[in-house]
Amino acid sequence: MNDTDSGFKVSDRRLFTEDGELRDEDMKPAKNPEASTAPPSSLLDSPDHPAEPELPMDFKTLVFSFSTSAMMQLGILPNPATGKTEQDLDGAKQTIDILGILSEKTRGNLGSEEAQLLEASLHDLKMSYLRATNKITL
């Protein structure tokens, strides 16, 4: 078989050379807007989607994310998409259980500040869940 008759053309479309240098403009792949899954930056900065400051992605951010979700599910915080307070007690229980699993699996591996944040969040969410389900009154 002759390899030149295969009908395939191989093109190196990498942005960088083997030495780590940026390739010339004519060597870069053509931009295909349909291939991109990210929305254009103009949509991200629109009034409907204001630019948000970058938060550090760490353990505390993870705990805050789950806690905020649980508070929305408990009806403590409004849903940011609708602006309405909604209750999803099954979802709240699941989110609280996820934080419980996280606490169990990370026990002994967290810094004191992270451990305190997780335990305080779990306690507050469990008490809020009990109040929401009328299993406790204060």
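- For Q87, the side-chain contact (heavy atoms from CB on, under 4.5 Å) partners at least two apart in sequence or on another chain are L89, A132.
- The distance from the OG atom of S67 to the CG atom of D124 is 8.5 Å, given to the nearest 0.5 Å.
- When all heavy atoms of L125 and L99 are compared, the closest pair comes out as CD1-CD1, 3.6 Å.
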Show which side-chain atoms of residues 57-65 pair as donor or acceptor with protein atoms under 3.5 Å away, not counting sequence neighbours.
unit_1, atom_1, unit_2, atom_2, d
D58, OD1, K60, N, 3.4
D58, OD1, T61, N, 3.0
D58, OD1, T61, OG1, 2.8
K60, NZ, E113, OE2, 2.7
T61, OG1, P56, O, 2.4

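- One finds the OG atom of S121 at 11.5 Å from the NZ atom of K126 (value rounded to the nearest 0.5 Å).
- Checked against side-chain contact (heavy atoms from CB on, under 4.5 Å), T82 has the following partners two or more places apart in sequence or in another chain: N79, K84, E86.
- Here the CD atom belonging to Q116 is positioned 11.0 Å from the CG atom belonging to L118, to the nearest 0.5 angstrom.
- The two residues G91 and Q73 have their closest heavy-atom pair at O-OE1, 3.1 Å.
- To the nearest 0.5 Å, atoms OH (Y129) and CG (D97) are separated by 8.5 Å.
- Not counting sequence neighbours, the partners of S128 by the side-chain contact (heavy atoms from CB on, under 4.5 Å) test are L74, I76, R131.
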Extract all donor-acceptor atom pairs below 3.5 Å that involve side chains of residues 100-108 and protein atoms in other chains or at least two apart in sequence.
unit_1, atom_1, unit_2, atom_2, d
S103, OG, E119, OE2, 2.5
T106, OG1, L102, O, 2.6

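- Shown here are the side-chain contact (heavy atoms from CB on, under 4.5 Å) partners of T85, two or more places apart in sequence or in another chain: P78.
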